[in-house]
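What follows is a set of notes on a single structure, which appears directly below.
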Amino acid sequence: MTDQTIAKPGEPAVVTGPVLGIETSCDETGVAVYDRARGLLAHRLYSQIRLHADYGGVVPELASRDHVRKLLPLVRQTLADAGLQLDDLAGVAYTAGPGLAGALLVGAAAARALAWALQRPAIGVHHMEGHLLAPMLEADPPEPPYVALLVSGGHSMLVEVTGIGRYRLLGDTLDDAAGEAFDKTAKLIGLPYPGGPALARLAEEGRPGRFRFARPMTDRPGLDFSFSGLKTQVLLAWQASDGGEATRADLARGFEDAVVETLAIKCRRALAATGARRLVIAGGVGANRRLRAQLAEAAEADGFRVHFPRPAFCTDNGAMIALAGALRLAAGQHADPAIAVRPRWELESLEAVGA
Ligand code: KG4
Ligand code: ZN
């Protein structure tokens with residue numbers, strides 16, 4: 001049973017107890033249950049990678065349809081893992097954006113319907129906030145203030161985090177995101193989708209230093225990124241090469257080193273600029289082993305602390321959505337699951353239209 005607080009009329013309900021989290025913004029169906037008092041109770045993920053592999057990228061319509069097929073069974077399995085019944089849930093969190101519209105709608109509709117049926121609050125979570133807070137799922141969670149490096153398929157951002165929902169953008173990508181650069185470069189040198197992790201695996205076998213690519217935008221001040229030129233450099237080197245397996249691995253290594261060193265340089269700059277002593281890594285590229293090793297080294301050298309979520313919580317997952325939702329619900333934030341009418345409604349409270 002939940003110990004859900006019942007709010008007085010007009011007051012937001014402060015939620016304690018297990019919160020279901022649903023992530024369907026792209027090509028993974030993620031479901032988890034997080035309880036602020038007891039931590040993460042269960043999490044499951046279904047990846048659509050094989051479904052999209054033949055097309056070389058995510059096909060939005062196929063993604064939506066597959067979320068429809070997989071979401072409810074995954075909710076049932078996750079609740080069973082946690083030893084909970086639907087009625088034990090104190091609230092339902094779901095990714096409300098950003099992401100693929102159809103894919104988001106599947107999670108939103110399921111979450112809202114479930115919350116409505118259970119008469120519990122529902123909350124739409126910002127996908128990037130989920131990533132930013134994911135390190136809090138681990139033992140020894142980071143205390144704000146910290147600098148977060150958010151590197152995913154859609155974003156390369158440096159963010160100053162001074163509290164939940166207190167985010168200041170320090171730097172952003174001017175073109176390709178870091179993960180996108182990994183994926184596109186992998187494709188150019190003939191690696192199968194999804195390219196990023198495949199390229200990282202190949203780089204493990206590559207020799208460092210045979211190919212040295214530019215560290216984009218590190219020669220001038222600022223915290224913005226630009227990775228689109230790098231893939232062209234790799235393509236030109238690949239076309240001019242013998243096209244052999246060893247060369248491909250060396251290219252992968254040269255590319256990975258360039259991205260990782262660029263990210264590390266900007267992280268150090270962001271820490272210096274804000275005076276923060278903690279760095280948090282989030283997003284799919286945070287699963288990259290060389291990035292983790294290089295930042296751990298920088299932390300040792302500069303005397304800051306670096307927090308990484310486990311690789312499974314760097315990439316998209318339901319746990320980060322359940323966590324972010326639980327924190328916001330605990331603060332009394334949510335939109336009512338039920339369709340509401342307003343028995344009391346001040347005429348003068350209406351918003352004016354036009355001048
Ligand atoms: O956060 P995420 O799962 O999805 C969003 O974009 O929101 O990130 C996926 C991205 C992809 O571009 C993928 O290629 C990249 O993260 N990625 C990696 C690694 N694992 C995933 N990039 C480099 N090295 C990895 N080990
Ligand atoms: Zn993501």
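Only this structure's heavy atoms are used, side chains among them; waters, hydrogens and symmetry mates stay out. Counting convention: from 1, in listed order, for ligands and their atoms alike. Being a predicted model, the structure only gives us computed values, none of them experimental.
- Residue-ligand proximity, A200 to ligand 1, at heavy-atom distances under 4.0 Å covers atoms 24 (N), 26 (N).
- Of the heavy atoms in H155, none comes closer than 4.0 Å to ligand 1.
- Between L223 atom CG and K266 atom NZ the span is 6.5 Å, to the nearest 0.5 Å.
- Aromatic ring centroids of H67 and Y46 lie 6.0 Å or more apart.
- From the protein, the heavy atom lying nearest to atom 20 (N) of ligand 1 is G284 O, 3.5 Å.
- Closest to atom 26 (N) of ligand 1 among all protein heavy atoms lies N288 CA, 3.6 Å.
- Donor-acceptor pairing under 3.5 Å is recorded for the side chains of E23 and S25.
- When non-hydrogen atoms are compared, ligand 1 lies under 4.0 Å from the side chain of H127 (C-beta onward) but not from its backbone.
- Looking at ligand 1, you won't find any N or O of E28 less than 3.5 Å from one of its N or O atoms.
- Ring-plane geometry between F225 and F227 is classed as parallel, the angle between the planes falling under 30 degrees on a 0 to 90 degree scale with a further cut at 60.
- L295 and V151 fall within a single hydrophobic cluster, where Ile, Leu, Val, Met, Phe, Trp and Tyr are joined by side-chain heavy atoms under 4.5 Å apart, directly or via other members.
- Of all protein N/O/S atoms, those under 2.8 Å from the Zn ion (ligand 2) are H127 NE2, H131 NE2, D316 OD1, and waters are not counted.
- At least one heavy atom of G154 lies less than 4.0 angstrom from ligand 1.
- Aromatic ring centroids of F182 and F255 lie under 6.0 Å apart.
- The closest approach between any non-hydrogen atom of P197 and ligand 1 is below 4.0 Å.
- The shortest contact between atom 6 (O) of ligand 1 and any protein heavy atom is with G153 N, 2.7 Å.
- Protein heavy atom closest to atom 3 (O) of ligand 1, with residue, atom name and distance, is D316 N, 3.0 Å.
- Residues L323 and M128 are members of one and the same hydrophobic cluster, defined by side-chain heavy-atom contacts under 4.5 angstrom among Ile, Leu, Val, Met, Phe, Trp and Tyr.
- Considering only residues two or more places apart in sequence or on other chains, Y34 meets the ring-ring contact (aromatic ring centres under 6.0 Å, His included) condition with none of them.
- The closest heavy-atom contact to atom 23 (C) of ligand 1, among the options F313, F182, Y193, comes from F182.
- Contact of the P98 side chain with the H126 side chain is registered, since non-hydrogen atoms from C-beta on lie closer than 4.5 Å.
- For L230 against A214, the heavy-atom pair with the smallest separation is CD1-O, 3.6 Å.
- At a 4.0 Å heavy-atom cut-off, ligand 1 touches D183 through the side chain alone.
- Considering D302, V147, V306, L158 in turn, L158 is the only one that fulfils the side-chain contact (heavy atoms from CB on, under 4.5 Å) rule with C267.
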